[in-house]
Amino acid sequence: MSPATVDVAAMTVPAPDPFLSLDAGSRNWLRSLQTDGAERVAAIARLHALLLRAARFEVNRRRASMPHVRPTEFEEIAEEAAEDALMSVLGRLPDFRGASRFTTWVYKFALLEAAAKLRTRAWQGREVPIQPEAWDLVRSTWLDPAEEAEQTELLSAVQSAIVEALSEQQRTVLVSLAINGVPIDVLADRMSTTRGALYKTLYDARRKLRQELASAGFHLDGPRKEAT
């Protein structure tokens with residue numbers, strides 16, 4: 001008697017639940033946001049309300065440092081941050097892996113958006129400095145005469161390398177971000193580019209500076225120059 005033939009094609013194995021490892025609250029959020037119809041609309045409304053609360057929290061936390069901003073502007077900033085955070089969250093739902101609760105994960109989107117918009121607002125109407133105005137701030141104090149001379153020599157070499165070795169764009173990005181403290185969100189807006197592009201330019205500029213200083217005989221971990 002031959003063994004019974006098993007029809008493998010007829011056997012169906014249920015797909016694993018992608019939300020099984022998540023906490024109950026996170027599962028409910030994801031299922032509601034990834035469904036259709038009225039349930040999704042209601043979930044998006046609840047998500048927007050959550051993000052708006054988070055954005056308002058960040059705005060209120062920082063408003064004391066921005067006395068020149070009208071109270072109505074703070075609410076506008078919070079609302080814009082919540083809207084942008086909502087779009088970011090909905091576009092990145094597949095990225096959620098459950099390392100934290102879903103509400104904690106989305107909360108950060110609103111905080112970051114609000115902080116970025118507040119930085120942009122703080123710089124509104126201000127010129128972005130592209131000249132190294134803050135060189136004195138990078139100097140160490142309380143050095144002995146020999147150490148001070150070495151520091152002056154290194155800073156002079158850095159200034160020369162910035163002018164001679166970097167492209168105009170690298171120079172603008174490095175000086176604005178690393179020396180003059182311009183927020184990257186503000187610089188990205190003024191240069192009509194993205195944060196990612198600026199980070200790449202900053203990385204390339206720093207690498208080129210390191211190469212120039214090394215070729216000039218300067219140690220990269222301090223102001224001492226190699227003996228020649």
Side-chain angles (χ1 to χ4, degrees), residues 58-59 61-62 65-66 68-69 77 80-81 84-85 88 91-92 95 99 105 108-228:
E58 185 66 11
V59 166
R61 189 177 73 84
R62 294 172 179 253
S65 63
M66 302 177 66
H68 58 289
V69 179
I77 290 171
E80 290 177 5
D84 290 347
S88 295
R92 295 183 59 182
D95 296 340
W105 183 69
K108 296 176 183 178
F109 283 83
L111 297 182
L112 292 174
E113 287 288 352
K117 291 185 185 303
L118 288 169
R119 287 193 296 268
T120 300
R121 178 59 185 83
W123 278 79
Q124 187 173 319
R126 293 174 58 183
E127 182 180 355
V128 172
I130 61 174
Q131 298 300 321
E133 301 174 349
W135 281 113
D136 288 340
L137 298 180
V138 301
R139 290 180 179 273
S140 300
T141 56
W142 304 105
L143 299 177
D144 63 38
E147 291 173 331
E148 185 174 359
E150 291 172 348
Q151 177 180 255
T152 299
E153 185 180 9
L154 174 60
L155 289 179
S156 178
V158 170
Q159 286 177 288
S160 297
I162 288 175
V163 173
E164 298 171 6
L166 301 185
S167 67
E168 181 178 354
Q169 183 175 12
Q170 289 174 332
R171 188 161 54 248
T172 297
V173 172
L174 178 72
V175 172
S176 298
L177 297 180
I179 299 177
N180 290 332
V182 178
I184 193 168
D185 309 288
V186 174
L187 190 62
D189 181 66
R190 299 291 177 87
M191 296 182 70
S192 299
T193 186
T194 65
R195 290 165 56 96
L198 290 182
Y199 279 127
K200 176 63 166 59
T201 301
L202 182 62
Y203 173 82
D204 291 341
R206 284 174 166 167
R207 182 177 59 179
K208 187 174 290 187
L209 272 184
R210 283 177 170 270
Q211 292 172 345
E212 289 294 317
L213 292 174
S215 66
F218 287 93
H219 290 293
L220 303 183
D221 57 353
R224 296 187 177 278
K225 188 176 182 180
E226 295 176 351
T228 56

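Checked against side-chain hydrogen bond (donor to acceptor under 3.5 Å, both in side chains), Glu58 has the following partners two or more places apart in sequence or in another chain: Arg61, Arg62. Partners of Leu112 by side chain to side chain contact (heavy atoms under 4.5 Å, CB included), not counting sequence neighbours: none found. Residues passing the side chain to side chain contact (heavy atoms under 4.5 Å, CB included) test with Ala85 are Leu51, Phe109, Ala110, Glu113, sequence neighbours excluded. With sequence neighbours excluded, no residue forms a salt bridge (charged side-chain N to carboxylate O under 4.0 Å, His left out) with Lys208.
For Ala114 against Ile77, the heavy-atom pair with the smallest separation is O-CG2, 4.4 Å. For the pair Arg119 and Pro183, the tightest heavy-atom approach, listed with the atom from each and the gap, is CD-CB, 3.7 Å. Shown here for Ala205 and Leu166, the closest heavy-atom pair between the two residues is O-CD2, 3.7 Å.
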Donor-acceptor pairs under 3.5 Å, side chain of residues 197-204 to any protein atom, not counting sequence neighbours: which ones?
{"residue": "Tyr199", "atom": "OH", "partner": "Arg195", "partner atom": "NH2", "Å": "3.4"}
{"residue": "Lys200", "atom": "NZ", "partner": "Asp204", "partner atom": "OD1", "Å": "3.3"}
{"residue": "Lys200", "atom": "NZ", "partner": "Asp204", "partner atom": "OD2", "Å": "2.6"}
{"residue": "Thr201", "atom": "OG1", "partner": "Ala197", "partner atom": "O", "Å": "3.0"}

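A 6.0 Å sphere centred on CD of Glu212 holds more than 12 heavy atoms belonging to other residues, nucleotides or ligands.
Taking CE of Met191 as the reference point, atom OG1 of Thr172 lies at 5.5 Å (rounded to 0.5 Å). One finds the CZ atom of Arg121 at 15.5 Å from the CG atom of Asp185 (value rounded to the nearest 0.5 Å).
In this structure, Arg190 and Val182 have side chains that are not in contact, with every pair of non-hydrogen atoms separated by 4.5 Å or more.
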